[in-house]
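Report on the structure given below.
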Amino acid sequence: MTNATHVVVIGGGQAGLAAGYHLRRLGLDFVILDAQAGAGGAWQYAWDSLHLFSPAAYSSLPGRPMPVQTGEVYPDAVHVVDYLTAYEGRYELPVQRPVRVKGVHRDGQLLRVETGSGAWLARAVISATGTWWRPFLPAVPGREVFRGRQLHTVEYRKPLDFAGQRVVVVGGGNSGAQIAADLAYDTELTWVTQRPPRFLADDIDGRALFDVATARRRALDEGSAETGGVASLGDIVAVPPVREARDAGLLKAQPMFTRLTAGGVEWADGTSAEADAVIWCTGFRPALSHLAPLGLRGARGHIPTIGTQAVDEPRLHLLGYGDWTGPASATLIGVGRPARGAARQIAELLAAEK
Ligand code: FAD
């Protein structure tokens, strides 16, 4: 079966919904295809204790503020899923689930979006598939000989699963710090980071990160040189559980080990630590395999874009993913602006074709 619409949005997480909000405002026909059975994108799979690094008021999509979560300054992931579910309903966004897009192809004047349940012909496509679905693990020698359990951030749920065990957490970003803090009380924890962890000042949370992103946006708009972006502030937001574990002296990072052995990990100087589990909090790559038929790949698995628009395929926009598709584009509050830009550019493209 082949369907037709103006715009296909691939992915029904926050980025896809923000795109839908703006496409609707501009009066375009569109559909949102999402591979998951339920609403909420990656937030459905967060570990139990995950909280946002910004208060609700700084975590809103366009149009509808995120309500405050009773008793919490920093909302948890369940609250985000509830918010995204209500958002879809409120704006009657046409999300089809579960529909996995297998490939996007050029088809004359149109783009053909192939899914497991039929195809869509569209004049433009917005890809908003996130990164959670492509966990990244570094190539460290010995990964295949280690006899314990290895898992990535995406598989981690709660400390009870590792109670009393010797656990090595790898990674000095927010996920690594939060999971290390989570495990610090009930396990024998070793936290390793590639360089000494950099904690943001305790009074800085996602609000300040967003301010930096806004300043960067403004600098770019005015043609100023590239500023450091969100990462320039430092790495780890000292959310309350991270702060508590750090202040209790439980978050002492070791340098990165050089290899895994059958029973644990070993550093260059020959020292070693035994381990029952290694948790790789080593980040993600953009989930873009569905765009492979378009042949657009650039450096580091990214697709070259100007703003959100693919350089070599102007009918394609990329939303979310990281700062390379717009400052703070991979955050709840930051995705609204690039979503608006993408929807406007598509409306202009369609108007010019008439
Ligand atoms: P996703 O939520 O991943 O949604 C993408 C959707 O596309 C999914 O439903 C997926 O199933 C679907 N999809 C993928 N491939 C296909 C396909 N081929 N066909 C159809 N559908 C497909 N941001 C904040 O603003 N505040 C925070 O505090 C914060 N904390 C974070 C903590 C962690 C641990 C992580 C990893 C991220 C955090 N972020 C935070 C960043 C960001 O907000 C989230 O990563 C968010 O989930 C990104 O939304 P998204 O819509 O881009 O992608």
Side-chain angles (χ1 to χ4, degrees), residues 1-45 61 81 84-134 285-297 301 303 305 308-310 312-321 325 335 339 342-343 345-347 349-351 353-354:
M1 189 182 63
T2 302
N3 311 280
T5 185
H6 285 151
V7 188
V8 170
V9 179
I10 307 173
Q14 66 202 33
L17 301 188
Y21 172 89
H22 284 294
L23 291 169
R24 162 82 22 99
R25 292 196 78 184
L26 292 168
L28 299 178
D29 282 340
F30 66 99
V31 64
I32 301 175
L33 307 178
D34 186 40
Q36 301 307 304
W43 296 108
Q44 297 168 84
Y45 303 96
L61 293 181
V81 171
L84 295 177
T85 307
Y87 190 91
E88 278 186 34
R90 157 87 178 242
Y91 295 109
E92 297 177 356
L93 297 176
V95 190
Q96 299 201 4
R97 291 195 177 88
V99 179
R100 177 170 295 281
V101 171
K102 294 181 168 166
V104 179
H105 305 258
R106 294 190 182 88
D107 193 336
Q109 295 300 305
L110 301 172
L111 292 172
R112 194 175 75 256
V113 179
E114 296 282 357
T115 80
S117 44
W120 287 83
L121 284 172
R123 293 163 72 187
V125 165
I126 297 179
S127 183
T129 47
T131 60
W132 185 259
W133 327 95
R134 264 194 79 202
R285 295 289 180 266
L288 297 175
S289 60
H290 56 290
L291 300 177
L294 297 173
L296 301 171
R297 287 269 168 161
I303 285 177
T305 51
T308 58
Q309 190 173 37
D312 293 322
E313 179 45 85
R315 297 170 293 185
L316 173 69
H317 287 256
L318 291 102
L319 200 57
Y321 301 114
T325 58
V335 74
Q345 274 182 292
I346 288 172
L349 183 90
L350 300 196
E353 282 174 359
K354 272 187 185 154

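Numbers here simply count residues along the sequence, with the first being 1.
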Compare every heavy atom of [Y] with every heavy atom of [X], then report the nearest pair and how far apart it is.
X: Ala39; Y: Val81; result: O-CG1, 3.6 Å
X: Ser127; Y: His290; result: OG-NE2, 2.9 Å
X: Arg100; Y: Ala35; result: NH2-CB, 3.5 Å
X: Ala339; Y: Ala19; result: CB-N, 3.8 Å
X: Pro314; Y: Leu349; result: O-CD2, 4.4 Å
X: Leu319; Y: Ala15; result: CD2-O, 3.5 Å

Self-check item: Heavy-atom neighbours of Arg134 CZ exceed 12 at 6.0 Å
Solution: yes
Could you tell me whether a side-chain N or O of [X] sits under 3.5 Å from a main-chain N or O of [Y], the two making a donor and an acceptor?
X: Arg24; Y: Glu92; value: yes
X: Thr115; Y: Gly118; value: yes
X: Gln14; Y: Val335; value: no
X: Arg123; Y: Leu350; value: yes
X: Asn3; Y: Leu121; value: no

Do the non-hydrogen side-chain atoms of [X] and [Y] ever get within less than 4.5 Å of each other?
X: Leu294; Y: Asp312; answer: no
X: Leu26; Y: Ile346; answer: no
X: Leu316; Y: Val104; answer: no
X: Leu93; Y: Tyr87; answer: yes
X: Leu288; Y: Leu296; answer: no

Practice problem: State plainly whether the residues Arg97 and Glu88 are in salt-bridge range, i.e. N to O under 4.0 Å. | Solution: yes
Quiz item: Any ion pair linking Glu313 and Arg106 (charged N to carboxylate O, less than 4.0 Å)?
Solution: yes
Gap separating the [atom1] atom of [X] from the [atom2] atom of [Y], nearest 0.5 angstrom:
X: Leu28; Y: His6; atom1: CG; atom2: NE2; result: 6.5 Å
X: Tyr321; Y: Thr305; atom1: OH; atom2: OG1; result: 11.0 Å
X: Leu318; Y: Leu291; atom1: CG; atom2: CG; result: 6.0 Å
X: Trp120; Y: Phe30; atom1: CH2; atom2: CZ; result: 11.5 Å
X: Ile32; Y: Thr5; atom1: CD1; atom2: OG1; result: 10.5 Å
X: Thr2; Y: Glu114; atom1: OG1; atom2: CD; result: 7.5 Å

Exercise. Would you sort out whether Trp43 and Leu84 count as a side-chain contact (heavy atoms from CB on, under 4.5 Å), showing the intermediate values?
Key: CA-CA 9 Å; Trp43 296 108; Leu84 295 177; 3.7 Å; yes
Quiz item: Step by step, would you call Val31 with Val99 a side-chain contact (heavy atoms from CB on, under 4.5 Å)?
Solution: CA-CA 11 Å; Val31 64; Val99 179; over 6 Å; no
Exercise. Take Thr308 and Ile126, measure what side-chain contact (heavy atoms from CB on, under 4.5 Å) needs, and give me the verdict at the end.
Key: CA-CA 9 Å; Thr308 58; Ile126 297 179; over 6 Å; no
Quiz prompt | By side chain to side chain donor-acceptor pair (under 3.5 Å) - contacts of Tyr45 (at least two apart) | solution = Gln36
